[in-house]
Student: 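Okay, here's the structure, questions in a sec.
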Amino acid sequence: MLKIIIPTIMLMPLTWLSKKNMIWINTTTYSLLISLISLSLLNQPSNNSLNFSLMFFSDPLSAPLLVLTTWLLPLMLMASQHHLSKEPLIRKKLYITMLTMLQTLLIMTFTATELISFYILFEATLVPTLIIITRWGNQTERLNAGLYFLFYTLMGSLPLLVALISIQNLTGSLNFLLIQYWNQALPDSWSNIFLWLACMMAFMVKMPLYGLHLWLPKAHVEAPIAGSMVLAAILLKLGGYGMLRITTMLNPQTSFMAYPFLMLSLWGMIMTSSICLRQTDLKSLIAYSSVSHMALVIVAVLIQTPWSYMGATALMIAHGLTSSMLFCLANSNYERTHSRTMILARGLQTLLPLMAAWWLLASLTNLALPPSINLIGELFVVMSSFSWSNITIILMGTNITITALYSLYMLITTQRGKYTHHINSIKPSFTRENALMALHMTPLLLLSLNPKIILGFTY
Amino acid sequence: MNPLIFTTILMTVLLGTMIVMMSSHWLMIWIGFEMNLLAIIPILMKKYNPRTMEASTKYFLTQATASMLLMMAIIINLMHSGQWTITKVFNPTASIIMTSALAMKLGLTPFHFWVPEVTQGISLTSGLILLTWQKLAPMSILYQISPSINLNILLTMAVLSILVGGWGGLNQTQLRKIMAYSSIAHMGWMTAVLVYNPTLTMLNMLIYIMMTLTMFMLFIHSSSTTMLSLSHTWNKTPLTTTLILITLLSMGGLPPLSGFMPKWMIIQELTKNSSIILPTLMAIMALLNLYFYMRLTYSTSLTMFPSTNNMKMKWQFETKRITLLPPLIVMSSLLLPLTPMLSILD
């Protein structure tokens, strides 16, 4: 694992020592190379984990997330080039350093064996993200957004620290490799109920669960493009990954403790999807769509069946790529019109036809069109929740319909129709932007040919 | 002040604390405290104006009261145990009185009222000495009597201190008051774990001193005592804004910085002793502290705070000497990976 971590850490001296005209080239190239190295981890021969050392391991669940993380760094760098072009050199380097630091911490989080180490790195990812949102966001609301982001997450995760330490006292070690073999049922008592709550709330806030999702629209909207990309694609998945890891230790309370959260997620996904139909702000629409998709993941994780775990993992990867691509598309609009209002930049198909093709593909994957992996994820989740309780099919079906509605609404508003009369000059799509979209879309399409690598450890 | 006299007075302060830390006779401890108190008054009053006079008087009165309570506890201990050696205090009354006296010296709630007012009234350097060096002596006595301290009183004072330190700092814009409330909250964390594992108290003290030292050095460097004047540092020395950001996040206890280490270790120790609600409560209260540190970082580092135009070409006076800033910054932010080394302390 050090073969990935050390090169990522070394990207930081690379940025600081590069010449002015080479910073973007150097960092993007080397981060692409690092993502190629991480692809080798996808070769998971069995259901057991590949243990690299006592501290790092990779598992059929964490390998796809890791590959997604490393894949995203060059994409983030490509996407940020335009809005940073006017900044002084040191600030550009600082931005790239923050992204690299975040990347290192994320890689270590996804591969950590010891749960307390996972916790520390999970918390540590907050600091660079906070700095990216508050320092480089564009509107004054970013300050509030940063505070909400930081405090919601910390409030949820401090009980997790106490819970992990008390589990360590009970069982002697929190090394995940050991725990998966010694699992015993937790005795039924009030304090174990609170233990369950303490362990899960951190990840619920991060996912986010419907009632605790208030930080997400703020943070996603106010963050600069790289911040939005990494938030939507990876940081939300940290919550899902954490939940998938920690539910193995929390039986049998999960069977009854999960009900309130299942209800909140099932209702929340419909609520947030419906709100998407009434959004005027493009980024806000994509943010609420993230909440809705993540609610599906929460339902899947809490049901705890093999199919639902497969669906959760596939959905996390698929949503990561799709959501990040949608944010890039929204950003390409923002860079031209400096406004996030959807109706101000409509009818773009006539002006930017190739970008319209990317918009179409992104919207189609967002609404889970077969045979994309989004469909596989959603389908598995719908099927497993149907087997858990027949009535959920109504809610799931409604959600799929509303998702299709708002995705098409977003597509039609921005692309179709007559263009606005106030658009005087829109710069044509840069090669960099087209490359960015292609790099998002290609893995998504290729994975639909062989989805078993993203189906997680219950395949 | 005449350098020779200043040195003598400073040495007396040091000597007083040293006597407290190294004595085995209760009377010498009291003498050490009094020596410390008398010598620090001129240091607090380095600038002669009514504000410092008021602050010094408040400090003197509270500390003298605390010393008298300490003396009373010593005498009760003498009456009941017949000896003057420093060991744990056997008599419960003496123990409670001594704990209250030392809490008054440290600035724990409910005896915290003097800390913000005194810290505000004195200069930054004197405030530095007050909030770091002066805490060493009472803490060393608490360490030595820790087996016999009444747990209820100490934990109540600790939790209340964390609460007061968090809430009190929320409405402050004066940097010295912010540091004072931060000191109250950190003292709360330190005393919470005193009965369970006093080594962690010392660890927390060490890291707290490093972080407070760093903050004060940064404030002294920019000669700023209010949030507003601190927010002009991006104009003058942009690098210090990054350093302020890192140190404040460390003080707030965010991983992966070293300020997280004492909090983590304290939570671990408390959970090992089967108290779960207490560390959860303490950790959540520490978020209040984080809130006002974040506010401070927002106005200094994370935004380019609006300033009037002529500030952009501020006169650069001679650079103040900031002692040992780079090692302090490194130590107050990067020590977390060294946590496994703490096992050598057992």
Side-chain angles (χ1 to χ4, degrees), chain A residues 88 90-91 94 97-98 101 104-105 108-109 114 116-128 130-137 140 142-144 146-170 174 191-192 194-195 197-198 201, chain B residues 234 238-239 241-242 245-246 248-250 252-261 263-306 333-334 336-337 339-340:
Chain A
I90 293 193
R91 268 187 227 140
L94 262 176
T97 312
M98 285 295 127
M101 213 190 298
T104 323
L105 293 169
M108 292 204 277
T109 319
E114 177 82 35
I116 298 245
S117 155
F118 169 76
Y119 173 81
I120 292 182
L121 294 162
F122 174 79
E123 293 289 291
T125 56
L126 290 176
V127 174
L130 176 76
I131 297 179
I132 292 176
I133 296 179
T134 44
R135 181 65 185 81
W136 278 280
T140 53
R142 72 189 194 270
L143 301 174
N144 223 6
L147 276 177
Y148 266 68
F149 169 65
L150 187 67
F151 282 94
Y152 264 67
T153 317
L154 278 177
M155 207 46 148
S157 62
L158 283 169
L160 176 65
L161 178 62
V162 181
L164 284 177
I165 291 181
S166 71
I167 295 180
Q168 187 178 29
N169 288 332
L170 282 174
L174 274 180
S191 53
N192 281 333
F194 282 108
L195 185 76
L197 273 177
M201 286 321 283
Chain B
W234 71 268
L239 182 57
T241 59
T242 319
L245 174 67
I246 300 176
L248 278 173
L249 289 178
S250 183
L254 280 185
L257 302 166
S258 54
F260 178 65
M261 176 168 36
K263 295 202 160 62
W264 171 25
M265 291 289 114
I266 289 178
I267 292 180
Q268 189 166 12
E269 201 59 43
L270 286 171
T271 353
K272 274 191 208 159
N273 284 293
S274 307
S275 76
I276 313 265
I277 304 184
L278 179 67
T280 319
L281 201 64
M282 281 164 58
I284 295 188
M285 292 301 159
L287 286 181
L288 285 168
N289 263 331
L290 183 65
Y291 178 72
F292 57 80
Y293 297 145
M294 284 311 303
R295 219 176 29 195
L296 202 52
T297 60
Y298 275 4
S299 64
T300 24
S301 341
L302 291 174
T303 58
M304 285 156 65
F305 204 75
S333 51
L334 295 176
L336 191 65
T339 316

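Letters A, B, ... are given to chains in the order of the sequence lines, protein chains preceding strands, and every chain is numbered from 1.
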Student: When heavy-atom pairs shorter than 4.5 Å are enumerated against chain A, which of B:L290, B:I267, B:T297 gives the highest number?
Tutor: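 That would be B:L290.
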Student: Between A:L143 and chain B, which part of the residue has a heavy atom less than 4.5 Å away: side chain, backbone, both or neither?
Tutor: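 Contact with chain B: backbone and side chain both.
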Student: Would you mind telling me which of B:L302, B:T271, B:T242 has the largest number of heavy-atom pairs within less than 4.5 Å of chain A?
Tutor: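 Among B:L302, B:T271, B:T242, the one with the most close pairs to chain A is B:L302.
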Student: At a heavy-atom separation under 4.5 Å, does B:F260 approach chain A through its side chain, its backbone, both, or neither?
Tutor: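 Side chain of B:F260 only, per the 4.5 Å heavy-atom cut-off to chain A.
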Student: Which bit of B:L257 comes within less than 4.5 Å of chain A, counting heavy atoms only: side chain, backbone, both or neither?
Tutor: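 For B:L257, no heavy atom lies under 4.5 Å from chain A.
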Student: Counting only heavy atoms closer than 4.5 Å, note whether B:L249 contacts chain A via side chain, backbone, both or neither.
Tutor: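 Just the side chain, heavy atoms under 4.5 Å.
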Student: Give me the one residue out of A:T125, A:I120, A:L161 that meets side-chain contact (heavy atoms from CB on, under 4.5 Å) with B:P255.
Tutor: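 Among the candidates, only A:I120 passes.
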Student: Taking every non-hydrogen pair under 4.5 Å, which of A:Q168, A:R135, A:E123 racks up the most with chain B?
Tutor: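 Option with the greatest count: A:R135.
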Student: Report the distance from atom CZ of B:F305 to atom CH2 of B:W234, rounding to the nearest 0.5 Å.
Tutor: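 It comes to 11.0 Å.
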Student: For A:F122, is it the side chain, the backbone, both or neither that has a heavy atom under 4.5 Å from a heavy atom of chain B?
Tutor: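 For A:F122, there is no contact with chain B at all, as no heavy atom is under 4.5 Å.
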Student: Is A:V127 close to chain B through its backbone or its side chain, or both, or neither, when contacts mean heavy atoms under 4.5 Å?
Tutor: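 Contact with chain B involves the side chain of A:V127 alone.
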Student: Kindly write out the residues that satisfy side chain to side chain donor-acceptor pair (under 3.5 Å) with B:S301, not counting sequence neighbours, or none if the list is empty.
Tutor: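 So B:S301 forms no side chain to side chain donor-acceptor pair (under 3.5 Å) with any residue.
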Student: Taking side chain as everything from C-beta outward and backbone as N, CA, C, O, which of these in B:I284 sits under 4.5 Å from a heavy atom of chain A? Side chain, backbone, both or neither.
Tutor: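 Backbone plus side chain of B:I284, per the 4.5 Å heavy-atom cut-off to chain A.
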